[in-house]
Amino acid sequence: MTIQPHPDRVIIFDTTLRDGEQCPGATLNVDEKLVIARQLARLGVDVIEAGFAIASSGDFEAVQRIAETVGTENGPIICSLARSVKADIEAAAKALKPAAHPRIHTFIATSDIHLKYKLKKTRQEVLDITSEMVAYAKSLCQDIEFSPEDAGRSDPEFLYQVLERAIAAGATTVNIPDTVGYTTPSEFGGLIRGIKENVPNIDQAIISVHGHNDLGLAVANFLEAVKNGARQLECTINGIGERAGNAALEELVMALHVRRQIL
Ligand SMILES: [Zn+2]
């Protein structure tokens, strides 16, 4: 199963087992994760983000066992998160090895506030790391997703450059996260439209979105994103996730189905 960009196809990417698990009190053991992953596959989600392989041995094992048992030829894509550093990418590739359709999801922050206080890197350094680490991930796995963390608060001109680099280095999906749940629907839709209009090689990648409910707007933001060209939605069951949670899978799917004529 290779997912091709199609104007009418919206890819459902479930991150219950990764972002959802970052919700206070939602810690799951490997067996519980396997049960959920099987149910997600039965539900027909396109991509399961199974964990963050480098984060702990439990996470590594969960990604590996889900890759083995749920990541079958006719099953979903199995994905592991990885920072844009070699050790993370290697751990993700190793854990995903048994999957028929593996995906490495690598990220680096692009907002000035993250560059200055978290990464302590210049914009030029972030551009270079993006090219280098996406290319490295691509050498280990064909299906690469790249996220510019805190995209919602990034300078759009810089964001366009980072995305162009990621796609040129082999990213097949570029995910735009509203990491802190700060944007409104019109702003988020505008951000996606800007990316479509200003990233020269954007037609070679699927635009994905990731959002949080700090202002209760994740689903509304995603519907605007779809109108403006996003074709992958990152969501969780019941919207569980960090802080106020993520976009809820069931709300998104039903909104897209019931109100498809207005989208
Ligand atoms: Zn998140």
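What's counted below: heavy atoms across the whole structure, side chains too, no hydrogens, waters or symmetry copies. Quick note: residue numbers are just sequence positions, from 1.
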**Message:** Can you tell me how far apart CG (Leu28) and CG (Leu34) are? Round to the nearest 0.5 Å.
**Reply:** 11.0 Å
**Prompt:** Any side-chain heavy atom of Ser84 sitting closer than 4.5 Å to one from Thr130?
**Reply:** no
**Prompt:** Which heavy atom in Pro148 sits nearest to a heavy atom in Asn175, and how many Å separate them?
**Reply:** CD-O, 2.9 Å
**Request:** Evaluate the ring planes of Phe52 and Phe107, with Trp represented by its six-membered ring, and classify them as parallel (under 30°), tilted (30 to 60°) or perpendicular (over 60°).
**Result:** perpendicular
**Prompt:** Quick one: does Leu256's side chain get under 4.5 Å of Leu223's, heavy atoms only?
**Reply:** yes
**Partner of Val174 by side chain to side chain contact (heavy atoms under 4.5 Å, CB included), out of Ile167, Asn201, Leu159, Ile206** = Ile167
**Value rounded to 0.5 Å, distance of CG in Leu17 from CG in Leu81** = 13.0 Å
**Request:** Write down the atom of Glu21, the atom of Asp59, and the distance for their closest heavy-atom approach.
**Result:** OE1-OD1, 4.0 Å
**Prompt:** Going only through I, L, V, M, F, W and Y residues with side-chain contacts under 4.5 Å, is there a path from Ile192 to Val180?
**Reply:** no
**Sub-4.5 Å side-chain heavy-atom contact between Asn228 and Phe188** = no
**Prompt:** Considering all heavy atoms of both residues, which atom of Ala151 and which atom of Ile176 are nearest to each other, and what is their separation?
**Reply:** CB-CG2, 3.7 Å
**Prompt:** Would one find more than 12 heavy atoms of other residues, nucleotides or ligands at under 6.0 Å from atom CG of Leu43?
**Reply:** yes
**Message:** Quick test of your reading of the model: are Arg65 and Glu68 salt-bridged, counting only N-O distances below 4.0 Å?
**Reply:** no
**Modelled atom types, side-chain donor and acceptor of Asn246 and Thr236, under 3.5 Å** = no
**Message:** Please find the pair of heavy atoms, one from Lys196 and one from Gly229, that lie closest to each other, and give the distance.
**Reply:** CD-CA, 4.1 Å
**Over 12 non-hydrogen atoms of neighbours within 6.0 angstrom of OH in Tyr182** = no
**Message:** So if I apply the side chain to side chain contact (heavy atoms under 4.5 Å, CB included) rule between Pro76 and each of Asp14, Leu40, Ile48, Val47, which one comes out positive?
**Reply:** Ile48
**Message:** Would Gln161 and Val199 count as a side-chain contact (heavy atoms from CB on, under 4.5 Å) here? Give the steps.
**Reply:** CA-CA 7 Å; Gln161 290 174 25; Val199 177; over 6 Å; no
**Asked** Is Tyr160 reachable from Ile207 through a run of I, L, V, M, F, W or Y residues, each pair having side-chain heavy atoms under 4.5 Å apart?
**Response** yes
**Item:** Thr106 and Tyr136, any side-chain heavy atoms less than 4.5 Å apart
**Value:** no
**Message:** Among residues at least two apart in sequence or on other chains, which ones pass side chain to side chain contact (heavy atoms under 4.5 Å, CB included) with Lys118?
**Reply:** His114, Glu149
**Asked** Sub-3.5 Å donor-acceptor pair from the side chain of Lys138 to the main-chain atoms of Gln142, do we have one?
**Response** yes
**Complete:** Nearest heavy-atom contact between Ser147 and Pro177 is CB-CG, 4.2 Å
**Item:** Heavy-atom closest pair, residues Val10 and Asp46
**Value:** O-OD2, 4.0 Å
**Message:** Are Ile11 and Leu233 packed together at the side-chain level, in the sense that at least one heavy-atom pair is separated by less than 4.5 angstrom?
**Reply:** no
**Asked** If you round to the nearest 0.5 Å, how far is CD of Glu49 from CD of Glu234?
**Response** 6.0 Å
**Request:** For the residue pair Leu115 and Arg123, establish whether any side-chain heavy-atom pair is separated by less than 4.5 Å.
**Result:** yes
**Request:** Determine yes or no for a side-chain-to-main-chain donor-acceptor pair under 3.5 angstrom, with Ser111 supplying the side chain and Ser154 the backbone.
**Result:** no
**Asked** Can you check side-chain contact (heavy atoms from CB on, under 4.5 Å) on His212 and Asp19, steps first, answer last?
**Response** CA-CA 10 Å; His212 283 273; Asp19 205 314; 3.3 Å; yes
**Glu187 backbone acceptor or donor facing Thr183 side chain under 3.5 Å** = no
**His101 side chain vs Glu73 backbone, donor-acceptor pair below 3.5 Å** = yes
**Request:** Decide side-chain contact (heavy atoms from CB on, under 4.5 Å) for Asn238 and Glu250; before the verdict, give the C-alpha distance in whole Å, the side-chain angles of both, and the deciding distance to 0.1 Å.
**Result:** CA-CA 7 Å; Asn238 289 340; Glu250 61 283 0; 3.3 Å; yes
**Request:** Examine Ile78 and Phe60 and state if one hydrophobic cluster contains both, with Ile, Leu, Val, Met, Phe, Trp and Tyr joined whenever side-chain heavy atoms are less than 4.5 Å apart.
**Result:** no
**Side-chain donor/acceptor of Thr173 to backbone N/O of Glu145, under 3.5 Å** = no
**Message:** Counting C-beta onward and ignoring hydrogens, is there a side-chain heavy-atom pair between Val63 and Leu96 closer than 4.5 Å?
**Reply:** yes
**Distance in Å, Ser57 OG paired with Gln64 CD, rounded so as to fall on 0.5 Å steps** = 11.5 Å
**Message:** Ile104 vs Ile89, test: side-chain contact (heavy atoms from CB on, under 4.5 Å). Steps then yes/no.
**Reply:** CA-CA 7 Å; Ile104 295 175; Ile89 292 167; 4.2 Å; yes
**Message:** Quick check for you: to the nearest 0.5 Å, what is the distance between Phe158 atom CZ and Leu127 atom CG?
**Reply:** 4.5 Å
**Message:** Do Ile54 and Arg83 make a side-chain contact, defined as non-hydrogen atoms from C-beta onward lying under 4.5 Å apart?
**Reply:** yes
**Prompt:** Gln39 side chain to Ile36 main-chain N or O, any donor-acceptor pair under 3.5 Å?
**Reply:** no
**Prompt:** About how many Å separate SG of Cys79 and CZ of Phe13, when rounded to the nearest 0.5 Å?
**Reply:** 4.0 Å
**Request:** State yes or no: do Ile240 and Leu217 share one hydrophobic cluster built from I, L, V, M, F, W and Y residues joined by side-chain heavy-atom distances below 4.5 Å, directly or via other members?
**Result:** no
**Asked** Would you say Lys94 has more than 12 foreign heavy atoms packed within less than 6.0 Å of its NZ?
**Response** no
